[in-house]
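Everything numeric here is computed off the predicted structure, so don't read it as measured data.
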Amino acid sequence: MADNLLQGLQAAANATSQAGALQYFEQLKNSPDGWKLCGDALIRNLYSDESVKFFCFQVLEHHIKTRHVSSNLVDQQALREILLTWLRNQCCTESDNKNFLKNKAAQVFSLIFVCDYPEKWPLFFSDLLQCLQYGALAVDMYLRILKAIDEEVVDRDVIRSQQEAERNTKIKDHIRDTCVTELVDSWFQILVGGNLVFWYNNEVEVLLTVFFITFCMQKTYENSVSSITCLCLDIIGAYIEWIDIGLIANDRFISTFLRYMSVEVLRESACDCIHEIIMKGMEPLAKKELVESLLSVLEKSSILEPQEDEDADFMAKLAKLTSASGSQLLNSYTK
């Protein structure tokens, strides 16, 4: 890659240098092998500037959107290996990337996911789960990728073609049939087990081995990296829309959510997560029983009786949750 042109991506570069750098990256996008140069730069960490890395991911993104499906099998596999190698390298590094770069990387993972899963990359989730043993950076990227996948496959606010809708239905069906239990288990262990979670893959299924000891609770992410716990709650809230409600609406998850409702940095995310459970599409009788059960445990925990000096943002979340409970009960009784 042209190092002299890449200098134009730096914030301090003048307008002429920036224009030259942008033109160079347009050339890389349109070049048949530009994605290989950018992928090599990413996995070898040739450039420390995150703006350069971001543009490299943009070149990969363009390739996936325009040429990946029609590429030969060797190139398709090479791109998958580039992304996995980059992810593993990031998991083992001592420094963290900025959010804008991690989000762009997650988006690129989601784009290749919808192209290749499940036929060409059946072990996509197994490959991600294996990285969780490396700690917080790996877990953070794993959750960001799951969030990007939800936005690409499930988000109802996005208008999709008939072909895309059929593709997305096929993807969700395959996940439900093959690996949703492993994904749900991973979320639970992220919530309660922190960095004591290890994953192994025997090329047929993912086996979970959890080393969780009570006196090590201080090592969980809720105490060390609360943003990871909040992101995990967001993922559960998003995926509950299309997975079996019984995987989440059970004693182990609900008791954890209730505990988080009394933790200041976690309670808003926990409240949103319970709200999404209540809003889950269900048969009227099952919905009535679910909402009544959740309201009962919330009342027993005194969560619905906040103090007068309670934080306004949390009160707003609690009001939204209570309103949703009432409306869902009314709808269920009506039906």
Side-chain angles (χ1 to χ4, degrees), residues 61 64-65 68-69 76 79-80 83-84 87 103 105-132 139 141-191 199 201 203-208 231-250 252-253 272-284 286-287 290 324 328:
E61 175 187 2
I64 294 171
K65 288 181 175 180
H68 177 71
V69 173
Q76 290 179 353
L79 182 50
R80 292 191 285 268
L83 292 175
L84 270 181
L87 179 61
N103 290 337
Q107 182 190 14
V108 171
F109 267 92
S110 72
L111 291 174
I112 197 170
F113 170 80
V114 296
C115 287
D116 290 0
Y117 184 84
E119 288 86 359
K120 297 178 181 178
W121 198 348
L123 296 180
F124 179 88
F125 290 111
S126 299
D127 291 335
L128 291 185
L129 290 170
Q130 286 185 81
C131 295
L132 296 187
V139 173
M141 274 307 307
Y142 166 66
L143 294 173
R144 288 176 190 270
I145 292 170
L146 291 184
K147 183 177 181 179
I149 287 174
D150 175 75
E151 293 171 353
E152 192 67 31
V153 174
V154 182
D155 193 340
R156 296 184 182 275
D157 293 331
V158 178
I159 300 176
R160 308 185 192 281
S161 66
Q162 181 65 28
Q163 183 179 5
E164 290 173 331
E166 293 175 355
R167 176 204 66 188
N168 293 346
T169 298
K170 181 180 179 181
I171 288 174
K172 288 186 290 184
D173 287 343
H174 190 81
I175 292 174
R176 283 188 288 247
D177 291 341
T178 60
C179 62
V180 68
T181 301
E182 284 78 12
L183 294 179
V184 172
D185 283 341
S186 75
W187 303 337
F188 183 70
Q189 295 307 325
I190 289 169
L191 293 180
W199 296 86
N201 174 37
E203 296 186 351
V204 177
E205 62 181 350
V206 179
L207 300 179
L208 171 65
L231 181 55
C232 189
L233 291 169
D234 291 344
I235 294 301
I236 295 171
Y239 278 66
I240 192 65
E241 178 183 344
W242 57 275
I243 66 175
D244 180 6
I245 186 68
L247 293 170
I248 304 297
N250 52 51
R252 67 170 184 168
F253 273 102
D272 282 339
C273 189
I274 296 175
H275 173 269
E276 293 305 315
I277 293 174
I278 287 175
M279 296 300 293
K280 164 82 171 178
M282 299 170 62
E283 291 297 318
K287 170 60 73 71
L290 171 67
Q328 291 300 304

Identify the two heavy atoms, one from Ile248 and one from Ile277, that lie closest to each other, and give their separation to 0.1 Å. CG2-CD1, 3.8 Å

Checking side-chain contact (heavy atoms from CB on, under 4.5 Å) for the pair His68/Asp116: CA distance, chi angles, key distance, verdict? CA-CA 9 Å; His68 177 71; Asp116 290 0; 3.0 Å; yes

Heavy atoms, side chains only, cut-off 4.5 Å: are Ile149 and Ile171 in contact? no

May I ask you to check whether over 12 heavy atoms, not counting those of Lys147, lie within 6.0 Å of atom NZ? no

Checking Asn168 side chain against Ala165 main chain: does a donor-acceptor pair fall under 3.5 Å? no

Measuring from Ile240:CD1 to Ile274:CD1, what's the distance to the nearest 0.5 Å? 12.0 Å

Considering non-hydrogen atoms only, spot the tightest contact between Pro122 and Glu119 and give its length. CD-O, 3.8 Å

Residues at least two apart in sequence or cross-chain that pass salt bridge (charged side-chain N to carboxylate O under 4.0 Å, His left out) with Lys120, listed by chain then number, are none

Can you check side-chain contact (heavy atoms from CB on, under 4.5 Å) on Asp150 and Ile235, steps first, answer last? CA-CA 8 Å; Asp150 175 75; Ile235 294 301; over 6 Å; no

Name all residues meeting the ring pair (Phe, Tyr, Trp, His ring centres under 6.0 Å) criterion together with Tyr117; count only those two or more places apart in sequence or in a different chain, and write none if there are none. Phe113, Phe125, His174

Using the rule given for side-chain contact (heavy atoms from CB on, under 4.5 Å), can you reason through Val139 versus Leu143, listing the C-alpha separation, both sets of side-chain angles and the distance that settles it, and then say yes or no? CA-CA 6 Å; Val139 173; Leu143 294 173; 4.1 Å; yes

Donor-acceptor pair, distance only, cut-off 3.5 Å: does the side chain of Lys280 make one with the backbone of Ile243? yes

Taking ring pair (Phe, Tyr, Trp, His ring centres under 6.0 Å) as the test, write out the residues that go with Tyr239, two or more places apart. Trp187, Trp242

Between Glu241 and Lys172, does at least one N-O distance fall below 4.0 Å, as a salt bridge requires? no

Donor-acceptor check, side chain of Asp173 to backbone of Arg176, threshold 3.5 angstrom: yes or no? no

Quick test of your reading of the model: are Arg160 and Asp155 salt-bridged, counting only N-O distances below 4.0 Å? no

Step-by-step side-chain contact (heavy atoms from CB on, under 4.5 Å) determination, Asp272 to Leu233: CA-CA 8 Å; Asp272 282 339; Leu233 291 169; over 6 Å; no

